[in-house]
Amino acid sequence: MKIISLVDNNTQSELKAKHGLSLYIETVKHKILFDVGPDKTLFENAQKRNIDLSKVDIVIISHGHVDHGGALQKFLEVNSTAKIYIQRKAFEPHYSKTFFFKIPVGIDKKIESNTQVILLDSDYVIDDELLLITVQKKDKCYSPVNNVLYEEHGADKFLHEQHLIVFEKNVALIMGCGHSGIVNIMDKAGKYNPKVCVGGFHLYNPITKKSVSKKLLDEISKELEVYAQTKFYTCHCTGLKAFQYLSKKLHNLLYLYCGESIEI
């Protein structure tokens, strides 16, 4: 299994950084895009890595925010065969609240009726290699950065969020923002013994430029200590400040920068 970061907030390569996420995953059976980022950045960066997006056969959209699904329409213009798996609620309106203003951050609802889109309502088995899980529990180490995010009738419950588990020789867990909380997600995914976990922890507010408290970071690191056999690659919405703090406590935590790849 090979995972390449094609869109991320941070880069240490010639690839362009952008607030968002897109991971290209090659498995024995599939060429997968996990999220597509907000705009044309995915396509520019894929070209630099000689990745032909027309050959992708599966797209997973982790949740209904524009920084993860904003480039879907452009993707459909270059790929007419890939199946796109997305939770039905991802096409509902979503907002970010700044002071007293609600800013739309959802994805284009017109795409919902596209024949390539497969709408889901919960966990879903794609095949013997790929499993999508949802996590409703939010009781452990829930990030207050989520408090600025809303759906149509109140605070966002993140029922539109899903995570990918890949079963090969080694198991990998792939997340988008991990809005439900990395600890709660690992509580559910841990039974599959993932050797690698890749994704954002949502610990940084890009508007206020602030990370969560050290108290919360200490609680997260304490909870994740039990997964000493899992290598965590974080990215995107974790924020570099929170990553640097956590990585001093968790030696199995690394950052996956835009343009970098890992083999599992």
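Values below: every heavy atom of this structure, side chains too, minus hydrogens, waters and symmetry copies.
- In this structure, the separation between CD1 on I86 and CG on L132 is 11.0 Å, given to the nearest 0.5 Å.
- At distances below 3.5 Å, at least one donor-acceptor pair connects side-chain atoms of N79 with backbone N or O atoms of T81.
- In this structure K55 satisfies the side-chain contact (heavy atoms from CB on, under 4.5 Å) test together with K31, D52, sequence neighbours excluded.
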Notebook entry, point to check: Stepwise, does the side-chain hydrogen bond (donor to acceptor under 3.5 Å, both in side chains) test hold for E161 with S180?
Noted result: CA-CA 8 Å; E161 184 176 58; S180 298; 3.2 Å; yes
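- In this structure, M175 and F201 have side chains that are in contact, with non-hydrogen atoms separated by less than 4.5 Å.
- Side-chain contact between V117 and L72: absent, with no pair of heavy atoms (C-beta onward) separated by less than 4.5 Å.
- Interatomic distance, Y204 OH to S211 OG, rounded to the nearest 0.5 Å: 7.0 Å.
- In this structure the side chain of I3 reaches within 4.5 angstrom of the side chain of I174, judged on heavy atoms.
- Checked against ring-ring contact (aromatic ring centres under 6.0 Å, His included), Y257 has the following partners two or more places apart in sequence or in another chain: Y255.
- Here the CG-OG1 distance, from D8 to T238, works out to 9.0 Å after rounding to the nearest 0.5 Å.
- Note on L164 and V56: separate hydrophobic clusters, where clusters join Ile, Leu, Val, Met, Phe, Trp and Tyr whose side-chain heavy atoms are under 4.5 Å apart, directly or indirectly.
- Sorted by first then second residue, the salt bridge (Lys or Arg N to Asp or Glu O under 4.0 Å) pairs that include residues 163-190, not counting sequence neighbours, are D123-K188, K137-D187, K140-D187.
- Atom NZ of K48 has more than 12 neighbouring heavy atoms from other residues, nucleotides or ligands inside a 6.0 Å radius.
- Taking the side chain as every heavy atom from C-beta outward, L253 and F243 approach each other to under 4.5 Å.
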Checklist line | Working for side-chain contact (heavy atoms from CB on, under 4.5 Å), residues I220 and L203 | finding: CA-CA 11 Å; I220 291 171; L203 302 175; 3.9 Å; yes
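- A donor-acceptor contact shorter than 3.5 Å is absent between the side chain of T230 and the backbone of K195.
- Annotation: side chain of P144 is in contact with side chain of L216 (closest heavy-atom distance under 4.5 Å).
- Contact annotation: the side chain of Q87 approaches that of L120 to within less than 4.5 Å [non-hydrogen atoms, C-beta and beyond].
- Taking every heavy atom of both residues into account, S113 and K110 meet most closely at OG-O, 3.3 Å.
- The main-chain N or O of I4 is never found under 3.5 Å from a side-chain atom of E260 such that the two would form a donor-acceptor pair.
- Applying the ring-ring contact (aromatic ring centres under 6.0 Å, His included) test to pairs two or more places apart or on separate chains, those with a residue in residues 163-199 are H63-H179, H65-H179, F158-H179, F167-Y192, H179-H202.
- Applying the ring-ring contact (aromatic ring centres under 6.0 Å, His included) test to pairs two or more places apart or on separate chains, those with a residue in residues 3-44 are H19-H236.
- Heavy atoms only, all atoms of each residue included: I182 and C197 are closest at CD1-SG, 4.0 Å.
- Contact annotation: the side chain of T208 never approaches that of V148 to less than 4.5 Å [non-hydrogen atoms, C-beta and beyond].
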Item checked: Stepwise side-chain contact (heavy atoms from CB on, under 4.5 Å) check, D35 with I61 -> CA-CA 5 Å; D35 288 338; I61 300 300; 4.1 Å; yes
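- Closest non-hydrogen pair, L15 versus G259, comes out as CD2-CA, 3.6 Å.
- Smallest separation of non-hydrogen atoms from I133 and A189: CD1-CB, 4.1 Å.
- Criterion: ILVMFWY side-chain heavy atoms under 4.5 Å apart, direct or through other members. Under it, V78 and I60 are not part of a common hydrophobic cluster.
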Next item on the list: Could you go through the side-chain contact (heavy atoms from CB on, under 4.5 Å) check for N114 and I84 one step at a time?
Entry: CA-CA 9 Å; N114 189 282; I84 300 167; 5.6 Å; no
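- With N45 contributing its side chain and L6 its backbone, the two residues share a donor-acceptor pair below 3.5 Å.
- Linking ILVMFWY residues whenever their side-chain heavy atoms come closer than 4.5 Å, directly or via other members, places V125 and V135 in the same cluster.
- No more than 12 heavy atoms of other residues, nucleotides or ligands shown are found within 6.0 angstrom of CD on Q136.
- Taken from CZ in F75 to CD1 in I111, the straight-line distance is 11.5 Å, to the nearest 0.5 Å.
- Q229 pairs by the side chain to side chain donor-acceptor pair (under 3.5 Å) definition with nothing, not counting sequence neighbours.
- The salt bridge (Lys or Arg N to Asp or Glu O under 4.0 Å) contacts involving residues 237-254 comprise D218-K249, where partners must be two or more places apart or lie in separate chains.
- Screening residues 57-77 for salt bridge (Lys or Arg N to Asp or Glu O under 4.0 Å), with sequence neighbours left out, gives no hits.
- Residue N10 holds its CG atom at 9.0 Å from SG of C258, rounded to the nearest 0.5 Å.
- Grouping the Ile, Leu, Val, Met, Phe, Trp and Tyr side chains by contacts below 4.5 angstrom, directly or via other members, places V105 apart from F91.
- Under the 4.5 Å side-chain criterion, counting only non-hydrogen atoms from C-beta, I185 is in contact with L173.
- Contact between G37 and V7 at its shortest, heavy atoms only, is CA-CG1, 4.3 Å.
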Next item on the list: Determine, step by step, whether T27 and I32 satisfy the side-chain contact (heavy atoms from CB on, under 4.5 Å) criterion, reporting the C-alpha distance in whole Å, the side-chain angles of both residues, the deciding distance to 0.1 Å, and the verdict.
Entry: CA-CA 8 Å; T27 69; I32 304 164; 4.1 Å; yes
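- Scored by the side-chain contact (heavy atoms from CB on, under 4.5 Å) test, K215 finds S213, E219 as partners (sequence neighbours excluded).
- Heavy atoms only, all atoms of each residue included: I207 and S96 are closest at CD1-OG, 3.9 Å.
- Under the side-chain contact (heavy atoms from CB on, under 4.5 Å) criterion, K83 pairs with Y85, I118, not counting sequence neighbours.
- Clustering ILVMFWY residues whenever any of their side-chain heavy atoms sit less than 4.5 angstrom apart, transitively, puts I262 in a cluster other than the one holding F232.
- The side-chain contact (heavy atoms from CB on, under 4.5 Å) test applied to E151 returns H94, D156, K157, not counting sequence neighbours.
- The environment of K102 atom NZ is dense: over 12 non-hydrogen atoms of other residues, nucleotides or ligands sit within 6.0 angstrom.
- Distance check: I103 CD1 to Y150 OH gives 12.5 Å after rounding to the nearest 0.5 Å.
- Not counting sequence neighbours, the partners of K29 by the side chain to side chain donor-acceptor pair (under 3.5 Å) test are D128.
- Counting heavy atoms of neighbouring residues, nucleotides and ligands inside a 6.0 Å radius, atom CD of Q244 exceeds 12 of them.
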